[in-house]
Amino acid sequence: MLLLAVKGITESNRKFLSQYDVTVVTPDTITAQQIPEIVISYAWDDAIGQKILANPNSKLKWIQTQSAGVDYLPLKKLKDFGVVVTNASGLKAIPIAQTVLSYILYFARGLNIYASRTHWEPYTNQYLVTELPVLVFGTGRIGQQIASHIRAFGGTVYGVNTTGHMVDGFDEVYSMHDYQKALAKSRVVVDGLPGTPETDDFFNNHFFDQVNQLFLFINIGRGTTLNQNDLLAAIDDSRVKYAALDVTTPEPLPKNHPLFDRPQVLLTQHTSWGEYVNAGRTGGLFRLFEKNVPSFVKSGTIQYNIVNLDKGY
Ligand SMILES: NC(=O)c1ccc[n+]([C@@H]2O[C@H](COP(=O)([O-])OP(=O)(O)OC[C@H]3O[C@@H](n4cnc5c(N)ncnc54)[C@H](O)[C@@H]3O)[C@@H](O)[C@H]2O)c1
Ligand SMILES: O=C(O)[C@H](O)COP(=O)(O)O
């Protein structure tokens, strides 16, 4: 069986795959004859992917994405083709949660003020994490890690998901229809939502009109979920004090974008996932992928990290 390795595969990964009679081709070595023979795509290359999906004899059965978000894939087409997609959800949840905690501490402890100070002027308008209840939209792998990091500092953390079902590690969980109850008692909002038609533009003027001096708005989910102009307006009239955005629209942001001009905004340029040992976006991905290989090769079944192609996450 043929696997297209869009992202790096090591010699030991190849050895592992060869035990299961899986042969690896890469985008630079793949031939036209091999395109319909690809059964597994390890990460996604849009140009080759479109050729695979345009071929009526395609054997493609499984895509392992390099990312947790799958918003860039042709989900409907993949569903029609009967392709299973597994994502990288969970892979970078700990580094992202540490970044979120860093954003909170950076602003809460007043480090943002000192970062640009060039004279001696002590700043004491500081907060403890326990004084800033956090509301996390998205109670999945990332949301849960964020909750555990906030709890480790003794803080309070509320969650929001589609139905309001309780998730371990949160103090309370609300649905998208009654999140206002939690918003009223929160000082920090974390957007950890996937990019789907339902979440598109969710954090807009209607949302920011419901907050009064929100201490910090964080987006580590997807840029599409936030109306950036509405956030800028909310910062300018003090409905929101600070913002930390890892994801934006577009990426990269153009040089003169107004988000770069606001001292209240910290932009981390889609790097919240970084870590040293498993460096790079796909660092550690194979370990997640390989868990599904034996059952897939044996019986075509996949157990872990399956994406719901209708829901988009
Ligand atoms: N900044 C980054 O580098 C980075 C890295 C990884 C993931 N992400 C983004 O974060 C998202 C979440 O990742 P995860 O691993 O926690 O995913 P996950 O699938 O484990 O969790 C998704 C959560 O979102 C909730 N959700 C989905 N649609 C919703 C809706 N319409 N209303 C309310 N809640 C909804 C689900 O209930 C679930 O709790 C990814 O889809 C991706 O877009 C960003
Ligand atoms: O969803 C993710 O895992 C990260 O946002 C990285 O996604 P990308 O590799 O598609 O940018």
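First listed ligand is number 1; within each ligand, the first listed atom is number 1. Heads up: numbering here begins at 1 and tracks the sequence. Note that the structure is predicted; figures quoted are calculated from it, not measured.
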Colleague: Any non-hydrogen atom of Thr196 lying under 4.0 Å from ligand 1?
Modeller: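 Under 4.0 Å: no for Thr196.
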Colleague: When you compare the side chain of Met176 with that of Val160, does any pair of heavy atoms fall below 4.5 Å?
Modeller: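 Counting from C-beta outward, Val160 and Met176 do come under 4.5 Å.
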Colleague: Can you tell me the protein heavy atom closest to atom 30 (C) of ligand 1 and the distance?
Modeller: Thr162 CG2, 3.5 Å
Colleague: I'd like to check which ligand 1 atoms, numbered from 1 as shown, lie under 4.0 Å from a non-hydrogen atom of His270.
Modeller: 1 (N), 2 (C), 3 (O)
Colleague: Show your reasoning for whether side-chain contact (heavy atoms from CB on, under 4.5 Å) applies to Thr199 and Arg222.
Modeller: CA-CA 9 Å; Thr199 62; Arg222 275 291 179 265; over 6 Å; no
Colleague: Of all the non-hydrogen atoms in the protein, which one sits nearest to atom 36 (C) of ligand 1, and at what distance?
Modeller: Tyr313 CE1, 3.6 Å
Colleague: For Asp246, which part has a heavy atom under 4.0 Å from ligand 1: side chain, backbone, both, or neither?
Modeller: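 Contact part for Asp246 vs ligand 1: side chain (C-beta onward).
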Colleague: Pick whichever of Asp191, Thr225, Leu193 has a heavy atom sitting closest to atom 34 (N) of ligand 1.
Modeller: Leu193
Colleague: Among all protein heavy atoms, pick the one closest to atom 41 (O) of ligand 1 and tell me residue, atom and distance.
Modeller: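 The answer is Pro194 CB, 3.2 Å.
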Colleague: Give the atoms of ligand 1, by number and element, whose distance to some non-hydrogen atom of Val247 is under 4.0 Å.
Modeller: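 Near Val247, the atoms of ligand 1 are 1 (N).
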Colleague: Once you restrict to heavy atoms under 4.0 Å, what part of Thr271 touches ligand 1? Side chain, backbone, both or neither.
Modeller: neither
Colleague: Between Thr26 and Asp28, do the side chains contain a donor N or O and an acceptor N or O under 3.5 Å apart?
Modeller: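 A pair is found: one side chain offers a donor N or O, the other an acceptor, under 3.5 Å apart.
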Colleague: Please enumerate all residues that pass ring-ring contact (aromatic ring centres under 6.0 Å, His included) together with Tyr313, with sequence neighbours excluded.
Modeller: none
Colleague: Below 3.5 Å, N or O to N or O, backbone or side chain included: is there any such pair between Asn161 and ligand 1?
Modeller: no
Colleague: Within less than 4.0 angstrom of ligand 2, does Glu251 place any heavy atom?
Modeller: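 Outside the 4.0 Å threshold, so no.
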Colleague: Under 4.0 Å, heavy atoms only, figure out whether ligand 1 is touched by the backbone of Ile96, its side chain, both or neither.
Modeller: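 Within the 4.0 Å criterion, Ile96 contacts ligand 1 through side-chain atoms alone.
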Colleague: If we only count heavy atoms from C-beta on, is the Ile9 to Leu17 side-chain gap below 4.5 Å?
Modeller: yes
Colleague: With a 4.0 Å cut-off on heavy atoms, is Met176 in contact with ligand 1?
Modeller: yes
Colleague: Distance only, no hydrogens: is a donor on one side chain within 3.5 Å (strictly under) of an acceptor on the other, for Thr86 and Trp62?
Modeller: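 Trp62 and Thr86 do have a side-chain donor-acceptor pair below 3.5 Å.
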Colleague: Okay, side chain of Asn87, backbone of Thr65: is any donor-acceptor separation there less than 3.5 Å?
Modeller: no
Colleague: Provide the number and element of each atom of ligand 2 under 4.0 Å from a heavy atom of Gly69.
Modeller: 1 (O), 2 (C)
Colleague: For the residue pair Phe289 and Phe286, is the inter-centroid distance of their aromatic rings smaller than 6.0 Å?
Modeller: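 Yes, the ring of Phe289 comes within the 6.0 Å limit of the ring of Phe286, centre to centre.
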Colleague: Tell me whether Ser89 has any N or O atom under 3.5 angstrom from an N or O of ligand 1.
Modeller: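 Yes.
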Colleague: If you have a sec, work out which protein heavy atom is nearest atom 7 (O) of ligand 2 and how many Å separate them, to one decimal?
Modeller: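 Answer, as residue, atom name and distance: Ser67 CB, 3.3 Å.
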Colleague: Would Arg141 count as being in polar contact with ligand 1, using the rule that some N or O on each side must be under 3.5 angstrom apart?
Modeller: yes
Colleague: For ligand 1, which part of Lys311 has a heavy atom less than 4.0 Å away: the side chain, the backbone, both, or neither?
Modeller: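 For Lys311, no heavy atom sits under 4.0 Å from ligand 1.
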Colleague: What do you reckon, does Gly195 have a nitrogen or oxygen under 3.5 Å from a nitrogen or oxygen of ligand 1?
Modeller: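 Checking ligand 1 against Gly195, no N or O pair falls under 3.5 Å apart.
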Colleague: What protein heavy atom sits nearest atom 8 (P) of ligand 2, and how far off is it?
Modeller: Arg281 NH1, 3.2 Å
Colleague: Could you check whether any side-chain N or O of Glu251 sits under 3.5 Å from a backbone N or O of Thr248, counting only pairs where one atom can act as donor and the other as acceptor?
Modeller: yes
Colleague: Checking side-chain polar atoms at under 3.5 Å, does Ser67 have a donor or acceptor matched by the opposite partner on Tyr72?
Modeller: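 Short answer, yes.
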Colleague: In terms of residue, atom name and distance, what is the protein heavy atom nearest to atom 3 (O) of ligand 2?
Modeller: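 Answer, as residue, atom name and distance: Ala68 N, 2.7 Å.
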Colleague: Where is the nearest protein heavy atom to atom 13 (O) of ligand 1: which residue, which atom, and how far?
Modeller: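 Result: Ile142 CD1, 3.5 Å.
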Colleague: Can you confirm whether or not the ring centre of Tyr242 sits under 6.0 Å from the ring centre of Phe215?
Modeller: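 Ring centres of Phe215 and Tyr242 closer than 6.0 Å.
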Colleague: Under 3.5 Å, is there a donor-acceptor pair between the Thr156 and Asp171 side chains?
Modeller: no
Colleague: Would you sort out whether Lys92 and Glu275 count as a salt bridge (charged side-chain N to carboxylate O under 4.0 Å, His left out), showing the intermediate values?
Modeller: CA-CA 8 Å; Lys92 302 293 181 185; Glu275 56 187 317; 3.1 Å; yes
Colleague: When hydrophobic residues are tied together by side-chain contacts of less than 4.5 Å, even through go-betweens, does Leu135 share a cluster with Met166?
Modeller: no
Colleague: Check whether any N or O atom of Thr199, backbone or side chain, sits under 3.5 Å from an N or O atom of ligand 1, and answer yes or no.
Modeller: no
Colleague: Strictly distance-based, threshold 3.5 Å: is any side-chain N or O of Arg187 a donor or acceptor partner for the main-chain N or O of Gln213?
Modeller: yes
Colleague: Does only the side chain of Tyr72 get under 4.0 Å from ligand 2, or the backbone, or both, or neither? Count heavy atoms.
Modeller: side chain
Colleague: Can you name the atoms of ligand 1, numbered from 1 with element, that are less than 4.0 Å from a heavy atom of Ala68?
Modeller: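 Going through ligand 1 atom by atom, the ones under 4.0 Å from Ala68 are 6 (C), 7 (C).
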Colleague: Show me which atoms of ligand 1 lie under 4.0 Å from any heavy atom of Glu198.
Modeller: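 Reading through ligand 1 atom by atom, the close ones are 31 (N).
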Colleague: Geometry only, no angles: is Gly138 polar-contacting ligand 1 at N/O separations under 3.5 Å?
Modeller: no
Colleague: Checking contacts here: is it the side chain or the backbone of Arg222 that comes within 4.0 Å of ligand 1, counting heavy atoms only? Could be both or neither.
Modeller: side chain
Colleague: Using atom types as modelled and distance alone, determine if a side-chain donor or acceptor of Asp209 lies under 3.5 Å from a backbone N or O of His206.
Modeller: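 Such a contact is absent between Asp209 side chain and His206 backbone.
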Colleague: Applying ring-ring contact (aromatic ring centres under 6.0 Å, His included), name anything that partners Tyr174, two or more places apart in sequence or on another chain.
Modeller: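 If we apply the ring-ring contact (aromatic ring centres under 6.0 Å, His included) test to Tyr174, skipping adjacent residues, there are no hits.
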Colleague: Backbone, side chain, both or neither: what part of Ser272 comes under 4.0 angstrom of ligand 1, heavy atoms only?
Modeller: side chain
Colleague: Go through the side-chain N and O atoms of His165 and Thr163 and say whether any donor and acceptor fall under 3.5 Å apart.
Modeller: yes
Colleague: Looking only at protein heavy atoms, identify the closest one to atom 21 (O) of ligand 1 and say how far it is in Å.
Modeller: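 Heavy-atom neighbour on the protein nearest atom 21 (O) of ligand 1: Gly140 CA, 3.2 Å.
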Colleague: What I want to check is whether the side chains of Thr268 and Asp246 have a donor and an acceptor closer together than 3.5 Å.
Modeller: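 Thr268 vs Asp246: donor-acceptor pair found between side chains.
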Colleague: Check ligand 1 against Ile220 and write out every atom of the ligand that is under 4.0 Å from a heavy-atom position of the residue.
Modeller: 1 (N), 2 (C), 4 (C), 8 (N), 9 (C), 44 (C)
Colleague: Identify, by atom number and element, the atoms of ligand 1 in contact range of Gly192, meaning under 4.0 Å from any of its heavy atoms.
Modeller: 11 (C), 12 (C)
Colleague: Would you mind telling me if ligand 2 is within reach of the side chain of His270, the backbone, both or neither, using heavy atoms under 4.0 Å?
Modeller: side chain
Colleague: Quick one: look up the protein heavy atom nearest atom 9 (C) of ligand 1 and list residue, atom name and how far away it is.
Modeller: Gly221 O, 3.4 Å
